[in-house]
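First comes the structure, then the notes that go with it.
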Amino acid sequence: EAGVAQSPRYKIIEKRQSVAFWCNPISGHATLYWYQQILGQGPKLLIQFQNNGVVDDSQLPKDRFSAERLKGVDSTLKIQPAKLEDSAVYLCASSPQGQPNTEAFFGQGTRLTVV
Amino acid sequence: TQLLEQSPQFLSIQEGENLTVYCNSSSVFSSLQWYRQEPGEGPVLLVTVVTGGEVKKLKRLTFQFGDARKDSSLHITAAQPGDTGLYLCAGRYSGNTPLVFGKGTRLSVIA
């Protein structure tokens, strides 16, 4: 079974530029998460989707971050404009629907460096 | 405010030693999970505990969920260099809410 796919693996941009990350979850997984992991810290939730609807985006900095999950499958996360403090690994994870306390399957992440 | 506090933050030990990592919170969780993350990779699930007082064993790793479901511990017996990595605890307030992660414990096992 294919895992969660993310691209690109690495991205370096200048501050105030825009960037987009892509995630393809495990086939059939209805729940999709985007997490931000700053160096030396644990992952912090940015947004949770259930199919193509947003369940929780309370920690998403909406003035610069946006995310969508069209057709309830792939998802993109965008930052516009980027700030230096956005340098982090952006992790996408997915889970099956309807199973409480289930495992979150993570992709390898996209490492973003803002200079 | 960090909802899940992990300690220690860093741990460097010799091969063959035992160690315990702690995960504490003032909040009650419906379940707690432990993940291990290696450099350049996403976290990978080790175990899920859902019942207060529950103990689970995975080879040399022993996981315990506190009676009040506010804390957990991970004990590794006879650590090996392959155990090196970032150990993350993560909790859910209810069955389908997103995982809340601690900052992690970075373990280094020296041969």
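Protein chains get the first letters and strands the later ones, always in sequence-line order, with residue 1 at the start of each.
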Task: Region of A/Q6 in contact with chain B, defined by heavy-atom distances below 4.5 Å - done: neither
Open item on the list: Need one label for A/Q48: side chain, backbone, both or neither, based on atoms under 4.5 Å from any heavy atom in chain B.
Closed with: side chain
Taking [atom1] in [X] as the centre, count heavy atoms belonging to other residues, nucleotides or ligands within less than 6.0 Å. Is the count above 12?
X: A/I12; atom1: CD1; answer: no
X: A/K62; atom1: NZ; answer: yes
X: A/L39; atom1: CG; answer: no
X: B/K56; atom1: NZ; answer: yes
X: A/Q80; atom1: CD; answer: no

Open item on the list: Once rounded to the nearest 0.5 Å, what's the spacing between atom CZ of A/F106 and atom CD of B/Q37?
Closed with: 8.0 Å
Task: Interatomic distance, A/Q41 atom CD to B/F101 atom CZ [nearest 0.5 angstrom] - done: 13.5 Å
Under 4.5 Å from a heavy atom of chain A, the part of [X] involved:
X: B/L86; value: side chain
X: B/Q6; value: neither
X: B/L88; value: side chain

TODO: Could you check which of B/T48, B/V44, B/L99 has the highest count of heavy-atom pairs closer than 4.5 Å to chain A?
DONE: B/L99
Open item on the list: Which heavy atom of A/S95 sits nearest to which heavy atom of B/R92, and what is that distance?
Closed with: OG-NH2, 4.4 Å
Open item on the list: Strictly distance-based, threshold 3.5 Å: is any side-chain N or O of B/Q33 a donor or acceptor partner for the main-chain N or O of A/T102?
Closed with: yes
TODO: Could you tell me whether a side-chain N or O of B/R106 sits under 3.5 Å from a main-chain N or O of A/G40, the two making a donor and an acceptor?
DONE: no
TODO: Kindly work out whether a path of hydrophobic side-chain contacts (I/L/V/M/F/W/Y, heavy atoms less than 4.5 Å apart) joins A/Y33 to A/F65.
DONE: no
- [ ] Say whether A/F21 and A/L84 are linked into one hydrophobic cluster, either directly or through other cluster members, by side-chain heavy-atom distances under 4.5 angstrom.
- [x] yes
- [ ] Report yes if some heavy atom in the side chain of A/T31 is under 4.5 Å from a heavy atom in the side chain of B/P98; otherwise report no.
- [x] no
TODO: Could you list all the side chain to side chain donor-acceptor pair (under 3.5 Å) pairs where at least one residue sits in residues 66-86 of chain B, not counting sequence neighbours?
DONE: B/T20-B/H75, B/W34-B/S72, B/R60-B/D83
